[in-house]
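Keep in mind it's a predicted model, so treat the numbers as computed, not measured. In the text below, chain A, chain B and the rest are named by the order of the sequence lines, each starting its count at 1.
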Protein chains: 2
Amino acid sequence: MKLSHHSDYALRTMIQLATSGDELVSIRHIAQTYGISHNHLMKIVQGLGRAGFIETVRGRHGGLRLARPASEISLGALVRHTEGENGLVDCTGCLIAPACGLPSVLAEAMQAFLAVLDGYRLSDVASRSHMLRALFDIPTSAAPSQHALDPAQCHTN
Amino acid sequence: MKLSHHSDYALRTMIQLATSGDELVSIRHIAQTYGISHNHLMKIVQGLGRAGFIETVRGRHGGLRLARPASEISLGALVRHTEGENGLVDCTGCLIAPACGLPSVLAEAMQAFLAVLDGYRLSDVASRSHMLRALFDIPTSAAPSQHALDPAQCHTN
DNA sequence: CATTAGATGCATTTCATATGAATGTATAGA
DNA sequence: TCTATACATTCATATGAAATGCATCTAATG
């Protein structure tokens, strides 16, 4: 059982945007950061845009930014969006479907999975902003939009 | 996020074996029940055998049966086996891996998922034995647990 | 010893996913 | 206004894991 690359890249994109604050970041730049296909990321971004997670700005100097603060974006909502809401198994055509107790158990397990993610927000997984900015090669001058609190505070470990 | 067909078929096989009691059931028969590839199911079965979930009997009138009572087989253990124990994402090569908070959150969610499955046993999802026996076309005379009767019933085609 | 059924390795096919290419649309700046 | 840049959209292609098929081996039964 694996998260699709689609979800993986969507989450990484969101982390990069969270770290970049109000700065616009281009799809090309993000794709280069992770060494993935520009075209592929484009489609993922469109999904994120349509779902209201990010804002996209066209034209020269365009790019992406979060539509809301990272602290207001639920990881559960993100994963629900990127993974779709379909069940873990497809029982259509299965002979024993009417008598099978599996779907309900799997649905319960899936709910538990998503419930954990609902308890975290984007800001929780992008909390090491100092380290992340270094990795993303963001100049420290371009501080994350809101108040710049003590960078030492960001370290969670 | 989906369970692999591999897991799906493994679980279905286990349900059929649970419903068949001590009777040996051939791989061919199970494959025909679900309309899937005999060869494919063979490999899944081998995995279940090596992991100690089932007993396999070679030779004429051979087949499969559960290695332990269905009430002692945990669904969590089964899914852990069929899905492997690898994480939901592969972070090797990801630039931000050292600062990324995602893996730990996903691991926690996965644990919650498996914890739910650990709370159920094979017998829980195969509990509608009367209905299942009808679907599997198991004669009601062949009681769920005990001895075999009519040898003619062994032939699957 | 012939038949049945699981064990195993290898080749092939299938299909969702990922990638690439081409074109359209919107914005900024010279 | 013109050009460069960047997101939007559609269609075509490539890739890789999963599934399937085939051949051969081992084991058990009558």
Side-chain angles (χ1 to χ4, degrees), chain A residues 1-10 12-13 17 20 23-67 82-84 86 88-90 93, chain B residues 1-10 12-13 17 20 23-32 34-51 53-67 82-84 86 88-90 93 148 151-157:
Chain A
M1 209 168 72
K2 281 216 181 308
L3 235 57
S4 64
H5 281 186
H6 188 101
S7 293
D8 188 7
Y9 295 157
R12 292 198 210 178
T13 296
L17 295 183
S20 300
E23 297 281 314
L24 285 174
V25 186
S26 74
I27 293 176
R28 182 174 306 276
H29 186 248
I30 299 173
Q32 283 172 346
T33 296
Y34 296 115
I36 62 178
S37 154
H38 177 220
N39 290 281
H40 189 203
L41 187 57
M42 185 92 76
K43 282 149 207 171
I44 294 168
V45 159
Q46 284 167 40
L48 290 173
R50 269 197 286 268
F53 290 112
I54 63 175
E55 285 173 2
T56 62
V57 178
R58 283 190 180 192
R60 198 162 180 169
H61 301 153
L64 321 172
R65 70 164 80 86
L66 296 183
T82 57
E83 288 292 322
N86 356 358
L88 282 169
V89 287
D90 179 16
Chain B
M1 210 167 73
K2 282 215 180 305
L3 235 56
S4 64
H5 281 186
H6 188 102
S7 293
D8 189 6
Y9 296 157
R12 292 197 211 179
T13 295
L17 294 184
S20 300
E23 297 280 316
L24 286 173
V25 186
S26 74
I27 295 176
R28 184 174 305 276
H29 183 65
I30 299 173
Q32 283 173 346
Y34 296 116
I36 62 179
S37 155
H38 176 220
N39 290 279
H40 188 204
L41 186 57
M42 185 93 75
K43 281 149 206 172
I44 293 168
V45 160
Q46 285 168 40
L48 290 172
R50 268 196 288 267
F53 291 112
I54 63 174
E55 285 173 3
T56 62
V57 178
R58 284 189 179 191
R60 202 162 176 168
H61 301 152
L64 321 171
R65 71 165 79 87
L66 296 183
T82 56
E83 289 292 323
N86 358 0
L88 283 168
V89 287
D90 178 16
Q153 283 297 335
C154 298
H155 293 279
T156 54
N157 27 334

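Residue contacts for A:G62: at a heavy-atom cut-off of 4.0 Å it reaches the sugar-phosphate backbone alone, with no base atom in range. Within 4.0 Å (heavy atoms only), A:G49 reaches no atom of the nucleic acid at all.
Judged as a ring-ring contact (aromatic ring centres under 6.0 Å, His included), and not counting sequence neighbours, B:H6 has no contacts. Take B:D90 and apply the side-chain hydrogen bond (donor to acceptor under 3.5 Å, both in side chains) test, not counting sequence neighbours, and it matches B:T92.
Remark: A:D8 CG to A:T82 OG1 distance equals 9.5 Å, nearest 0.5 Å. The distance from atom OG1 of B:T13 to atom CG of B:L48, rounded to the nearest 0.5 Å, is 7.0 Å.
Annotation: side chain of B:M1 is in contact with side chain of B:L88 (closest heavy-atom distance under 4.5 Å).
The side chain to side chain donor-acceptor pair (under 3.5 Å) contacts involving residues 26-38 of chain A comprise A:Q16-A:T33, where partners must be two or more places apart or lie in separate chains.
Each of A:H61 and A:M42 has a nearest nucleotide on DNA chain C; the 5'-most of these lies closest to A:M42.
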Exercise for review: Using a 4.0 Å heavy-atom cut-off, write out nucleotides 17-26 of chain D from 5' to 3' as B (base contacted by protein), S (sugar-phosphate only) or - (no contact).
Suggested key: --SBBB---B

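One can place CD of B:E55 at 17 Å from C1' of C:dA7, the figure rounded to the nearest angstrom. Between the CG atom of B:L64 and the C1' atom of D:dA28 there is a distance of 15 Å, given to the nearest Å. Between A:L41 atom CG and D:dT9 atom C1' the separation is 16 Å, expressed in whole Å. What separates CD1 of B:I27 from C1' of D:dA27 is a distance of 14 Å, to the nearest Å. C:dT19 atom P lies 15 Å from atom OH of A:Y34, rounded to whole Å. As a whole-Å value, the separation of A:Q32 CD from D:dA6 P is 10 Å. When the C1' atom of C:dT27 is taken as reference, atom CG of A:L24 falls 12 Å away, rounded to whole Å. Protein atom CD of A:E83 is 12 Å distant from nucleotide atom C1' of C:dT17, rounded to whole Å.
Between A:R60 and the phosphate of D:dC2, there is no side-chain N or O to OP1/OP2 separation shorter than 4.0 Å. Phosphate contact (OP1/OP2 of D:dA8, side-chain N/O of A:T56, threshold under 4.0 Å): present. Residue A:R50 has a polar side-chain atom (N or O) positioned under 4.0 Å from OP1 or OP2 of D:dT9. A close approach under 4.0 Å does not occur between any side-chain nitrogen or oxygen of B:Q46 and OP1 or OP2 of C:dG6.
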Distance-only donor-acceptor pairs under 3.5 Å for side chains of residues 51-67 of chain A, two or more places apart:
residue, atom, partner, partner atom, Å
A:E55, OE1, A:R65, NH1, 3.0

